[in-house]
Amino acid sequence: MKFSEVIALLGDAATCNSLPIDGVDPEITGVAPIDTAAPTTLSYIEGGKFADWVEKTAASALILPADPDLQARATARKIAWIATSQPRWLFARAIAIFYQPFMPPPQIHPTAAIHPTAEIGDGVSIGAHVVIEADVRIGNCVCIHPNVVIYPNVRIGDRTVLHANCTIHERSQIGADCVIHSGAAIGSEGFGFVPTSAGWFKMQQSGYTVLEEGVEVGCNSAVDRPAVGETRVGSHTKIDNLVQIGHGCKIGSNCAIAAQVGLAGGVTLGNNVLLGGQVGVANQARIGDGAIASAKSGIHQDVEAGMVVSGFPAIPNKLWLKNAALFKRLPEIYRLIRQIQRRFNLEDLRSRIERS
Amino acid sequence: MKFSEVIALLGDAATCNSLPIDGVDPEITGVAPIDTAAPTTLSYIEGGKFADWVEKTAASALILPADPDLQARATARKIAWIATSQPRWLFARAIAIFYQPFMPPPQIHPTAAIHPTAEIGDGVSIGAHVVIEADVRIGNCVCIHPNVVIYPNVRIGDRTVLHANCTIHERSQIGADCVIHSGAAIGSEGFGFVPTSAGWFKMQQSGYTVLEEGVEVGCNSAVDRPAVGETRVGSHTKIDNLVQIGHGCKIGSNCAIAAQVGLAGGVTLGNNVLLGGQVGVANQARIGDGAIASAKSGIHQDVEAGMVVSGFPAIPNKLWLKNAALFKRLPEIYRLIRQIQRRFNLEDLRSRIERS
Amino acid sequence: MKFSEVIALLGDAATCNSLPIDGVDPEITGVAPIDTAAPTTLSYIEGGKFADWVEKTAASALILPADPDLQARATARKIAWIATSQPRWLFARAIAIFYQPFMPPPQIHPTAAIHPTAEIGDGVSIGAHVVIEADVRIGNCVCIHPNVVIYPNVRIGDRTVLHANCTIHERSQIGADCVIHSGAAIGSEGFGFVPTSAGWFKMQQSGYTVLEEGVEVGCNSAVDRPAVGETRVGSHTKIDNLVQIGHGCKIGSNCAIAAQVGLAGGVTLGNNVLLGGQVGVANQARIGDGAIASAKSGIHQDVEAGMVVSGFPAIPNKLWLKNAALFKRLPEIYRLIRQIQRRFNLEDLRSRIERS
């Protein structure tokens with residue numbers, strides 16, 4: 001389709017575009033990254049170190065930030081463009097014009113093993129070799145990819161997608177519009193063992209896991225259930241791959257939890273919390289609304305709302321940046337101290353001589 | 001059932017209870033966490049920051065520590081209680097009174113693909129779409145959930161449970177009373193590549209993995225087999241989710257290994273070792289009996305029996321706590337040094353003037 | 001077979017052997033680790049702390065380094081030996097003489113669910129309950145173990161092995177001679193969410209993942225696909241278990257990536273890069289050819305070719321070793337500073353007195 005049609009489909013999010021300037025209206029056949037874009041594709045630049053790609057990209061059209069210089073450079077190269085304060089968001093919407101994700105048709109594969117007590121909604125797709133145990137309830141338009149296993153008494157909300165080879169354990173409650181990626185385990189047993197003189201005593205995990213609506217859980221992540229009560233992930237929280245959510249965690253809404261994060265048992269996150277990759281949070285720690293922990297932080301204590309923390313043990317990010325810079329200079333600092341000490345002793349000696 | 005009946009079922013582990021004090025004997029229908037307990041449930045308090053919940057909980061009965069004050073506060077609120085030196089253990093036993101974990105009936109699902117040379121014990125449950133290859137031997141009362149794959153020549157001991165979508169690789173020996181959680185890989189190929197001038201040369205992993213009796217392996221964890229010989233996990237050792245056990249590791253008995261721990265090749269752990277979440281242990285390191293590594297520790301060297309280590313590189317915990325506190329004060333320390341230096345130079349100048 | 005036959009099969013990689021010295025030519029029935037080797041087995045010693053095993057091992061033959069002393073000690077114990085500059089490599093080749101990995105016969109199991117549009121090469125083995133979606137093309141002699149799921153439009157090269165319970169997502173291109181281990185997810189959706197005032201906006205992941213020839217991906221690892229363009233892993237790169245490769249990463253050839261490493265989005269690795277266990281690399285960072293990051297490093301910035309980095313944030317390894325040593329001595333350093341300060345103030349006082 002013509003770039004002008006793409007603009008029309010994107011609606012009013014953009015501030016201005018190149019069409020009134022030079023009228024170049026290329027045919028757009030798809031979307032592409034800036035560095036490997038071919039002619040007839042649309043790409044985007046957010047600024048920063050990608051800005052200079054405007055001189056090199058082969059894309060026929062670009063989504064640009066509100067940067068007149070960048071826009072002029074695009075125009076000079078006969079690249080059509082549209083500008084917005086949020087290029088990445090507009091590009092995300094442009095992808096959706098050209099790409100339809102794979103979605104199998106609504107049908108139940110004959111090899112699926114479905115318990116007769118399970119209730120299945122309308123328009124559901126159930127792939128080959130799926131197993132659904134007793135008393136499971138599946139909402140409408142749910143998509144269950146092949147080889148998924150659902151233990152008894154699970155609830156799955158409307159339009160939720162379960163990718164291949166994931167496992168949903170007993171009593172889990174998954175809301176509407178969730179996505180569970182391949183290999184993830186939801187509602188698996190919490191790691192609950194009580195030390196006794198006779199060894200570990202296994203605490204039965206009688207609780208369950210709740211994922212509210214719009215939650216995503218990445219590949220091979222695990223969201224354990226607790227001994228009693230629930231583990232809860234709030235609505236629209238997004239969890240990346242290989243993340244561990246321990247038993248009894250309470251996670252608020254709209255959080256983003258990057259890959260390989262580990263939350264120990266009973267951790268509480270507020271809303272809009274961001275955790276970088278490989279962050280660890282200790283048992284029972286509480287992290288307030290809007291707090292941010294940068295990658296690899298190790299959080300042992302409560303973090304107040306809105307704080308940005310880094311490091312292990314985690315401290316305020318600005319302090320950590322200073323300390324990390326000084327840490328690099330530890331050998332220099334140590335030399336300085338030794339120098340001072342040596343000169344001081346010299347002085348000391350001199351003063352003693354003078355005193356004598 | 002009545003609280004007095006619960007007490008009778010729990011046996012003689014408790015020191016005293018409220019029945020002789022005020023005779024309140026509530027009906028108990030289940031177990032619950034202290035903060036969300038409803039009437040007719042039993043909960044527990046270990047002390048610490050949870051102690052004040054005794055004033056707010058709606059639970060009808062509590063397991064309490066040997067703390068007369070806490071007991072009196074419960075009695076004042078007409079909450080029945082039982083006291084013990086190990087509230088969490090007693091609560092674990094109380095859960096087992098009210099909760100029976102899901103266990104499918106002993107039957108072999110018709111869709112399971114079982115090699116004719118496999119030997120299956122009595123009372124075994126084999127779920128839908130399970131695959132069992134040649135020369136596998138399964139003990140009695142084993143429970144294999146759906147979509148599990150067992151490669152050739154594997155041994156599974158009595159009463160062991162294999163959760164959905166886990167994979168047991170060739171020649172693995174899994175003892176009695178083990179639990180392998182969803183997505184775990186047991187006996188998978190070790191990461192063995194020899195660098196040569198022609199690139200990586202793959203070392204065939206001809207060894208096997210042994211899990212002794214009572215071992216648990218968490219969701220999506222991997223216990224690799226070695227090139228030659230065995231990887232061994234000692235009896236009653238508990239391994240959490242997303243843990244990596246490298247080829248040729250020897251792990252003792254009764255260890256607890258928290259989520260996302262990684263052991264490189266050839267690591268040796270003694271008995272009763274505790275590793276916190278996200279700990280890493282380098283190739284060939286040896287950790288003695290009863291040693292503890294706190295979360296996120298990075299262990300490059302041997303750790304003596306009974307030591308508690310922290311940090312990266314791991315050092316004795318007490319030293320690490322001091323250092324971590326000083327690390328936070330590095331900017332202050334640096335300012336101090338600069339002050340000293342400046343004042344010292346001043347003095348130095350003065351002394352030179354005096355000398356002149 | 002006789003040790004002399006083993007030597008003949010190993011070819012010309014060895015520099016010398018014990019046969020001309022004492023003519024002892026034992027029967028060899030297998031390969032074993034040095035510490036548990038039984039008579040009639042072949043083992044190896046690389047040197048270092050394993051050297052003293054030459055006095056204790058029960059192995060009948062050894063692969064030794066070019067170390068005349070070690071060779072003499074073996075000869076003295078009537079152990080036959082062969083010497084080489086690369087004992088581990090020669091041992092890897094010796095394993096391949098005695099061990100044939102499990103490989104199911106080329107046949108398609110009747111329970112596999114294969115879309116009629118899929119193209120399957122010659123000599124392919126497809127296990128029970130495998131699912132192959134539309135427009136997939138499988139090369140010759142590919143081995144697909146049970147319960148693997150392949151989404152639409154995937155390409156799998158000749159002789160590649162897919163282990164049980166792994167998932168290959170839409171449009172992935174897997175080259176020849178690759179190995180994907182159990183539970184791994186290839187081409188899964190990148191973690192792409194744009195923050196907006198209305199919450200997270202999901203960026204459709206329209207790209208795909210390419211694994212070039214000879215790549216291995218470990219158990220439960222994930223190699224995500226990007227929103228646009230490709231994620232690429234270069235030829236012969238080896239990836240261990242539980243590794244996260246974010247969307248849009250470009251990884252060169254012959255890299256080795258140890259367990260639990262996490263690469264955020266858009267990371268670039270050159271060729272021959274080595275990343276130790278639990279390393280994390282931040283968004284868009286570039287790591288040059290031949291660079292090495294030791295275990296648990298946290299890399300926020302570009303790393304030049306050939307550099308060795310350690311720590312978090314990662315700094316040159318030699319500096320890190322110094323700093324880590326000084327970090328242990330922080331309490332001592334702090335005491336020193338306080339001493340200087342106290343004595344300095346004393347001096348200061350004295351000088352003021354003198355001045356008065």
Side-chain angles (χ1 to χ4, degrees), chain B residues 111 113 129 131 133 147 149 151-152 165-167 169-170 183 185 188-189 191-194 196 199-207 220-222 224 226-230 242 244 246 248 260 262 264 278 280 282 298 300 312-313 315 319 322-323 326-327 329 333 336-337 340 343-344 347 350, chain C residues 31-33 35-36 43 49 86 88-89 91-93 95-96 98-99 101-102 104 109 111 127-129 145-147 163-165 179 181-183 214 216 218-220 236 238 240-242 254 256 258-260 277-278 295-296 311-312 324 327-328 330-331 333-334 337 340-341 344 347-348 351:
Chain B
T111 61
H129 312 310
V131 178
E133 303 276 11
N147 290 17
V149 177
Y151 281 59
N165 284 319
C166 74
T167 306
H169 281 268
E170 49 266 53
S188 38
E189 284 189 354
F191 192 65
F193 297 95
V194 184
T196 75
W200 298 111
F201 184 88
K202 184 180 175 102
M203 209 165 186
Q204 291 298 332
Q205 303 292 300
S206 74
N220 294 326
S221 290
D224 282 353
V228 288
E230 65 183 33
L242 293 159
Q244 157 72 357
Q260 297 176 320
Q278 300 183 334
H300 289 87
F312 161 54
I315 55 180
L319 177 56
K322 272 188 208 164
N323 289 1
L326 286 172
F327 181 73
R329 294 170 58 193
I333 291 172
L336 202 58
I337 295 171
I340 293 171
R343 296 182 66 183
F344 188 81
E347 281 295 303
R350 198 170 61 81
Chain C
V31 283
D35 54 343
T36 59
S43 189
K49 64 179 172 179
Q86 292 183 287
R88 193 158 164 258
W89 183 19
F91 188 63
R93 290 158 61 188
I95 292 173
F98 290 95
Y99 175 72
F102 168 61
H109 197 278
T111 61
H129 312 310
H145 284 276
N147 291 17
H163 278 285
N165 284 317
V179 182
H181 290 277
S182 297
E216 295 215 7
C219 295
N220 295 325
H236 305 291
K238 311 300 183 184
D240 200 352
N241 299 337
L242 293 160
N254 291 308
Q260 297 176 323
Q278 299 183 337
K296 272 193 180 289
F312 161 53
F327 181 73
K328 278 197 233 181
L330 264 188
I333 291 172
Y334 186 66
I337 295 170
I340 292 171
Q341 194 193 25
F344 190 81
E347 283 295 303
D348 193 29
S351 71

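Note on naming: letters A, B, ... go to the chains in the order of the sequence lines (proteins, then strands), and numbering restarts at 1 for each one.
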Asker: Only pairs of heavy atoms separated by less than 4.5 Å count here; which of B:G207, B:G183, B:P313, B:A227 has the most with chain C?
Answerer: B:P313

Asker: Let me know if B:F327 has heavy atoms under 4.5 Å from chain C in its side chain, its backbone, both or neither.
Answerer: both

Asker: As an exercise: rank C:H145, C:Q86, C:K49 by heavy-atom pairs under 4.5 Å with chain B and give me the winner.
Answerer: C:H145

Asker: Counting N and O atoms only, with roles assigned by atom type, does the side chain of B:Q244 sit under 3.5 Å from a partner on the main chain of C:Q260, one being a donor and the other an acceptor?
Answerer: no

Asker: For residues B:L319 and C:P331, report the shortest heavy-atom separation together with the two atoms involved.
Answerer: CD1-CG, 3.8 Å

Asker: Can you tell me which portion of C:H109 sits under 4.5 Å from chain B's heavy atoms? Options are side chain, backbone, both or neither.
Answerer: side chain

Asker: Considering only heavy atoms, which portion of B:Q204 lies under 4.5 Å from any heavy atom of chain C: side chain, backbone, both, or neither?
Answerer: both

Asker: Let me know if B:F201 has heavy atoms under 4.5 Å from chain C in its side chain, its backbone, both or neither.
Answerer: side chain

Asker: Any side-chain heavy atom of C:R88 sitting closer than 4.5 Å to one from B:M203?
Answerer: yes

Asker: Checking B:L242 against chain C: side chain, backbone, both or neither under 4.5 Å from a heavy atom?
Answerer: both

Asker: Is B:S188 close to C:S182 at the side-chain level, that is, under 4.5 Å between some pair of heavy atoms?
Answerer: no

Asker: Measuring from B:Q278:CD to C:Q278:CD, what's the distance to the nearest 0.5 Å?
Answerer: 7.5 Å

Asker: Any side-chain heavy atom of C:E216 within less than 4.5 Å of one from B:W200?
Answerer: no

Asker: I'd like to check C:Y99 versus B:V228 (side-chain heavy atoms, cut-off strictly below 4.5 Å). Are they in contact?
Answerer: no

Asker: Does the side-chain hydrogen bond (donor to acceptor under 3.5 Å, both in side chains) test come out yes or no for B:T167 and C:H163, once each step is laid out?
Answerer: CA-CA 9 Å; B:T167 306; C:H163 278 285; over 6 Å; no

Asker: Less than 4.5 Å apart, side chain to side chain, heavy atoms only: is that true for C:H129 and B:V149?
Answerer: no

Asker: Hey, which of C:N254, C:D240, C:L330 has the most heavy atom pairs under 4.5 Å with chain B?
Answerer: C:D240

Asker: Give the intermediate values and the outcome of side-chain hydrogen bond (donor to acceptor under 3.5 Å, both in side chains) for residues B:D224 and C:N241.
Answerer: CA-CA 9 Å; B:D224 282 353; C:N241 299 337; 3.0 Å; yes

Asker: Is the backbone of C:N220 close enough, under 3.5 Å, to the side chain of B:N220 for a donor and an acceptor to pair up by distance?
Answerer: no

Asker: Check the surroundings of atom NZ in B:K202: do more than 12 heavy atoms from other residues, nucleotides or ligands lie under 6.0 Å from it?
Answerer: yes

Asker: Please work out which of the three classes, parallel, tilted or perpendicular, describes the rings of C:F102 and B:Y151, given edges at 30° and 60°.
Answerer: perpendicular

Asker: For the residue pair B:T111 and C:T111, establish whether any side-chain heavy-atom pair is separated by less than 4.5 Å.
Answerer: no

Asker: With a 4.5 Å cut-off on heavy-atom pairs, point out which of B:S221, B:G246, B:G262, B:G192 contacts chain C the most.
Answerer: B:G262

Asker: Please round to the nearest 0.5 Å and tell me the distance separating atom OH of C:Y334 and atom CG of B:L326.
Answerer: 7.0 Å

Asker: Select one option (side chain, backbone, both, neither) describing which atoms of B:A264 are under 4.5 Å from chain C's heavy atoms.
Answerer: neither

Asker: Any idea which of C:H236, C:H181, C:K328, C:K238 has the most non-hydrogen atom pairs under 4.5 angstrom with chain B?
Answerer: C:K238

Asker: Heavy-atom pairs under 4.5 Å with chain C: which of B:S206, B:A185, B:G229, B:G248 has the most?
Answerer: B:S206

Asker: Please flag which part of B:E133 lies under 4.5 Å from any non-hydrogen atom of chain C: side chain, backbone, both or neither.
Answerer: side chain

Asker: Using 0.5 Å steps for rounding, measure from the NE2 atom of B:H300 to the NZ atom of C:K296.
Answerer: 9.0 Å

Asker: Which answer fits C:A164, side chain, backbone, both or neither, if we ask what part of it has an atom under 4.5 Å from a heavy atom of chain B?
Answerer: both

